Amino acid sequence: MGVSHKQYVAYLTELILLTHSEEYDREAYLVWVKSVCRDYRIAKAVTEFYPTPMMRRNGQGEIFCDVDNGKGVKILLRIELMTKTKSTIIGTLYTEEEDEERTEEEKKQLDIFLRLIIGFVARRRLIRTLQEFGFEDETGFPNYRALSRYLDIANVENTLGGKVAFHMDLHNFTMVNQEIGRKNGDIVMRTFFNMVKDVIGDTGILIRLGGDKFVGIFDRKVKRQVFELLSGTLVPYDKAEDKKILVQAAVGVYMLPNPFTMNVYGDIMDKIMMASMAAKQQTEGTIVIYDDRMKNERNRTKKVQTDFRSALVNEEFQVYYQPKVDIETRKLSGAEALCRWLKNGKIVPPLDFIPILEINTDICDLDFYMLDHVCRHIRRWLDEGRDVVRISVNFSRKHLMDVDLLEHILEVVDRNKVPHEYIEIELTETTTDVQFRDLKRIVSGLQEQGIWTAVDDFGMGYSSLNLIRDIPWNVLKVDKNFVPKNAEDTGNITNVMFRHVISLAQDIGLECVIEGVETVDQLEVLRENNCNIVQGYFFDRPLPLEEFEQRLDEKYYPE
Ligand code: C2E
Ligand code: MG
Ligand code: MG
């Protein structure tokens, strides 16, 4: 008693529908398999899948046995299919030992079923293998593609709103590797990843962007637990010896509003990256939450950087001169060149653009522009027969890397035919030993060429006395914050320090210029401490060229 042709066609149609629809309905398929096996008296049906020949040899495949009554011993049909990429799919049907023979017709029908099924299994498995390759990096961490797929789906399903996205940069992971070895470093990274992933659970996703950078997204309800991990966790790497290491990260977070629709990945990625950059600038284990001011700040930075080039060409930068005055004689003794950006009829102060230009080496071009303009002015003043004073020009720390800095400065000064003694270069104190060496080399070089040098903002950072002992400066520019507020209290530590540093500097032949003097009281303190050169609003603000030229001609400040 075989299966009727009508029943066979019904089974076939059903199977084609099952294996060719978008969603694989496993339940429906099981129902189908069981009915077919019953009707065709199949005791056991097995499919095997081996992604590579090597895995097949080692028996590392996936085996599905959808029907098995425990009595299937005789192979009725076995079909093996090998794909172009050398994956193997095998389908086998078993019957019971003393079962009667199938008709040829029945065998043909089963053969068609089995071919359809293993073709279907092959397709599904291959898609999955491809995804595994595509959505994981070479070390098995989910990658950026996995994230974008997640975001795409969640966006369409409208479940992104209210979630928390973050970018984390494991702090100094190179140091971790150095400390405990590369192999343990890998263990630590994997363990930490799994710890965070476990807390996120199925509320989101965690992926590795590359190196020691990760991106994750999760539900607000697990925020506290995730943040706790991200702000610093002891991660075990040697269970036997109970060894652990502290893992910290710089984390940038973006709280997605609710509702939230993503138009481009950048809607989330840009924000967590910006916040993460801000986190990196702070101390270890910091979590910085994105807010729109960061975006404005970044836009401003970008704008300054793009506008800078054309501004330089269009000569939008102007030299302002702030006089330095000898308080004994009230004579103009010099001036500092300070940059002003005349942009769309408005004056932009240096603090709004100089720190940005210092992110890269743009500042170096500005400093040379300033030096060149100062030299042109001095040359003209000399040609006009004016009494010229020495002008100081600020040079950013960024120049220290330039091995040809000295030649470069001399080229500008000499091209403008300016005698070296009219030029003074202001540099700020440095923090690292390398910079200290560079600074010493440059200051000594300028010294030999008769160009003056000044250490700017002394007393602002962690000024060290080595700075004035080991480097042959001509001028010490003392920051106003270092100047005592009141002269009476002579025992006050600020007063004592100030008095001694000034007299030490003067003893070794340094000229002291006190910056930022605004009041008569301050002037009095300085007089008592034998400081004679002052630069500050008390006498003048930084002045535009024409006004400064008047001061040059007047030479003295009235009492
Ligand atoms: P700096 O070199 O220490 O310049 C002195 C700053 O103190 C100037 O600010 C000046 O206007 C201000 N100042 C002078 N007297 C007083 C006072 O009595 N009271 C107060 N409150 N401030 C006073 P400015 O012009 O805004 O420049 C700020 C900083 O920008 C400069 O500090 C310098 O570090 C930098 N800078 C300016 N122009 C250039 C440049 O061409 N190149 C480089 N690399 N840096 C520059
Ligand atoms: Mg200065
Ligand atoms: Mg200064």
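These numbers come from a predicted model, not from an experiment. The basis for the numbers below is simple: all heavy atoms, side chains too, and nothing from hydrogens, waters or symmetry mates.
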Go through the steps to decide whether His408 and His399 satisfy the test side-chain contact (heavy atoms from CB on, under 4.5 Å), and finish with yes or no. CA-CA 11 Å; His408 207 160; His399 290 282; over 6 Å; no
Quick one, Lys477 with Glu336, criterion salt bridge (Lys or Arg N to Asp or Glu O under 4.0 Å). Give me CA distance, side-chain angles, the key distance, then yes/no. CA-CA 11 Å; Lys477 294 197 79 183; Glu336 175 175 8; 2.8 Å; yes
Should Val478 and Val501 be marked as a side-chain contact (heavy atoms from CB on, under 4.5 Å) after you check the CA-CA gap, both sets of side-chain angles, and the distance that decides it? CA-CA 10 Å; Val478 181; Val501 168; 6.0 Å; no
Walk me through it: do Leu170 and Val176 pass the test side-chain contact (heavy atoms from CB on, under 4.5 Å)? CA-CA 10 Å; Leu170 297 190; Val176 171; over 6 Å; no
Quick one, Leu510 with Phe458, criterion side-chain contact (heavy atoms from CB on, under 4.5 Å). Give me CA distance, side-chain angles, the key distance, then yes/no. CA-CA 13 Å; Leu510 286 177; Phe458 186 83; over 6 Å; no
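Shown here for Asp402 and Asp404, the closest heavy-atom pair between the two residues is OD1-N, 2.8 Å. Scanning both residues, Met294 and Ala278, for their nearest heavy atoms gives CE-CB, 4.2 Å. For the residue pair Leu439 and Thr428, the shortest heavy atom distance occurs at CD2-O, 4.1 Å. Minimum interatomic distance between Ile268 and Leu256 (heavy atoms only, all atoms of both residues): CD1-CD2, 3.9 Å. The two residues Pro323 and Arg541 come nearest to each other via the heavy atoms CD-O, 4.0 Å. When all heavy atoms of Val253 and Phe227 are compared, the closest pair comes out as CG2-CZ, 3.8 Å.
In this structure, Gln522 and Phe538 have side chains that are not in contact, with every pair of non-hydrogen atoms separated by 4.5 Å or more. Residues Val319 and Val393 fail the side-chain proximity criterion, which asks for heavy atoms closer than 4.5 Å. Counting heavy atoms from C-beta outward, Pro350 and Leu338 have side chains that stay 4.5 Å or more apart. Residues Ile347 and Leu342 have side chains in contact (heavy-atom distance under 4.5 Å, counting atoms from C-beta outward). Counting heavy atoms from C-beta on, the side chains of Ile423 and Leu371 come closer than 4.5 Å. Under the 4.5 Å side-chain criterion, counting only non-hydrogen atoms from C-beta, Arg298 is in contact with Lys302. Side-chain contact between Asp365 and Leu357: absent, with no pair of heavy atoms (C-beta onward) separated by less than 4.5 Å. Using a 4.5 Å heavy-atom threshold, the side chains of Lys243 and Asn184 count as separate.
Counting non-hydrogen atoms of other residues, nucleotides and ligands closer than 6.0 Å to CD of Gln60 gives a total above 12. Around the CE atom of Met55, the shell of radius 6.0 Å holds more than 12 heavy atoms that belong to other residues, nucleotides or ligands. Counting heavy-atom neighbours within 6.0 Å of Arg26 CZ, excluding the residue itself, gives a total above 12.
How far CZ of Phe317 is from NZ of Lys343: 8.5 Å, rounded to the nearest 0.5 Å. Atom CZ of residue Arg300 and atom CD of residue Gln305 lie 10.5 Å apart, to the nearest 0.5 angstrom. Atom CD1 of Ile442 is separated from atom CD1 of Ile409 by 7.5 Å, given to the nearest 0.5 angstrom. Rounding to the nearest 0.5 Å gives a distance of 10.0 Å between CE of Met370 and CD of Gln318. The distance from the OH atom of Tyr265 to the CG atom of Leu147 is 8.5 Å, given to the nearest 0.5 Å. The CG atom of Leu446 lies 9.5 Å from the CG atom of Asn474; values are rounded to the nearest 0.5 Å.
Ion pairing between Asp270 and Lys295 fails under the 4.0 Å rule for side-chain N and carboxylate O. Classification of Lys271 and Asp267 as a salt-bridged pair fails, no side-chain N sitting under 4.0 Å from a carboxylate O. Residues Arg224 and Glu228 are paired through a salt bridge, judged by an N-O separation under 4.0 Å between the basic side chain and the carboxylate. Between Lys398 and Asp367 there is no salt bridge, since none of the side-chain N atoms of the basic residue sits less than 4.0 Å from a carboxylate O of the acidic one. For Arg149 and Asp152, the salt-bridge test fails: no basic side-chain N is under 4.0 Å from an acidic carboxylate O.
The closest donor-acceptor contact from the side chain of Asn143 to the backbone of Ala146 lies under 3.5 Å. Not one N or O on the side chain of Asn155 forms a donor-acceptor pair closer than 3.5 Å with the backbone of Leu151. In this structure a side-chain-to-backbone donor-acceptor pair under 3.5 Å is present from Asp137 to Phe141. Put simply, the side chain of Asn360 gets close to the backbone of Asp362: a donor and an acceptor are under 3.5 Å apart.
A donor atom on one side chain and an acceptor atom on the other are found under 3.5 Å apart for Lys324 and Ser392.
Of the listed residues (Thr306, Asp307, Asn299), just one forms a side-chain hydrogen bond (donor to acceptor under 3.5 Å, both in side chains) with Lys303, and that residue is Asp307. Tested against Phe218 for a side-chain contact (heavy atoms from CB on, under 4.5 Å), the candidates Leu206, Asp202, Ile205, Thr203 yield a single pass: Thr203.
Under the 6.0 Å cut-off for aromatic ring centres, His167 and Tyr290 do not qualify, their centroids lying 6.0 Å or more apart. You'll find the ring centres of Phe49 and Phe64 outside the 6.0 Å limit. Taking the six-membered ring for Trp and the full ring otherwise, Tyr237 and Phe192 have centroids separated by 6.0 Å or more. Between Phe166 and Phe214, the distance separating the two ring centers is not shorter than 6.0 angstrom.
Between Tyr321 and Phe548, the two ring planes are parallel [angle under 30°; tilted spans 30° to 60°]. Between His373 and His377, the ring-plane angle classifies as perpendicular under the 30° and 60° cut-offs. Taking the six-membered ring where the residue is Trp, Phe260 and Tyr254 present perpendicular rings, their angle passing 60° and hence far from 30°.
Under a cutoff of 6.0 Å and an axis angle of 45°, Arg208 and Phe193 do not form a cation-pi pair. With a 6.0 Å cutoff to the six-membered ring centre and a 45° limit on the axis angle, Arg123 does not count as a cation-pi contact of Phe120.
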